[in-house]
Amino acid sequence: MQTRQLTYGAAAQFGGGSPMMTPEDVAAIVRLKQLGWGSRRISRELTISRNTVKHYIRAGGYVAYKSPQRKKTLDGLESWLKQRFLIHG
């Protein structure tokens, strides 16, 4: 079988940040698993981490990245801040 290199987003091409898996890449992982391939073989063939393969197989497909929702220091003070801003211009 011919080896296939996965294509990542623009961030990987320019060396910025970590590469993100596209839905097409994840579909290839899931399809190979359905064909009976093991996670180690998939990771070797597609040149990606075995843990990444396991993550997407466990999820059953593509999972979009969600940013964590953090509490901000000034939460709940929006109206007070708006008043102060309008007073002091």
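We use all heavy atoms of the structure for the numbers below, so side chains are in, but hydrogens, waters and symmetry mates are not.
- Cluster membership for F85 and W80, using ILVMFWY side-chain heavy atoms within less than 4.5 angstrom, is not shared.
- Here NZ of K54 is found 9.5 Å from NZ of K33. Values are rounded to the nearest 0.5 Å.
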Derivation of the side chain to side chain contact (heavy atoms under 4.5 Å, CB included) call for L46 and V53: CA-CA 10 Å; L46 301 179; V53 172; 5.9 Å; no
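- Heavy-atom minimum distance, W37 versus I42: CB-CG1, 3.7 Å.
- Separation of atoms CZ (R84) and NZ (K82) is listed at 14.0 Å; rounding is to 0.5 Å.
- To the nearest 0.5 angstrom, I29 atom CD1 is 7.5 Å from T52 atom OG1.
- For the residue pair V26 and G61, the shortest heavy atom distance occurs at CG1-C, 3.3 Å.
- Counting only distance, with no hydrogens or angles, the side chain of Q83 and the backbone of L81 share no donor-acceptor pair below 3.5 Å.
- Once rounded to the nearest 0.5 Å, the distance linking CG of D25 with CD1 of I48 reads 7.5 Å.
- Minimum interatomic distance between E78 and G76 (heavy atoms only, all atoms of both residues): OE1-N, 3.2 Å.
- Cluster membership check: L86 does not share its hydrophobic cluster with L77, using side-chain heavy-atom separations under 4.5 Å among Ile, Leu, Val, Met, Phe, Trp and Tyr.
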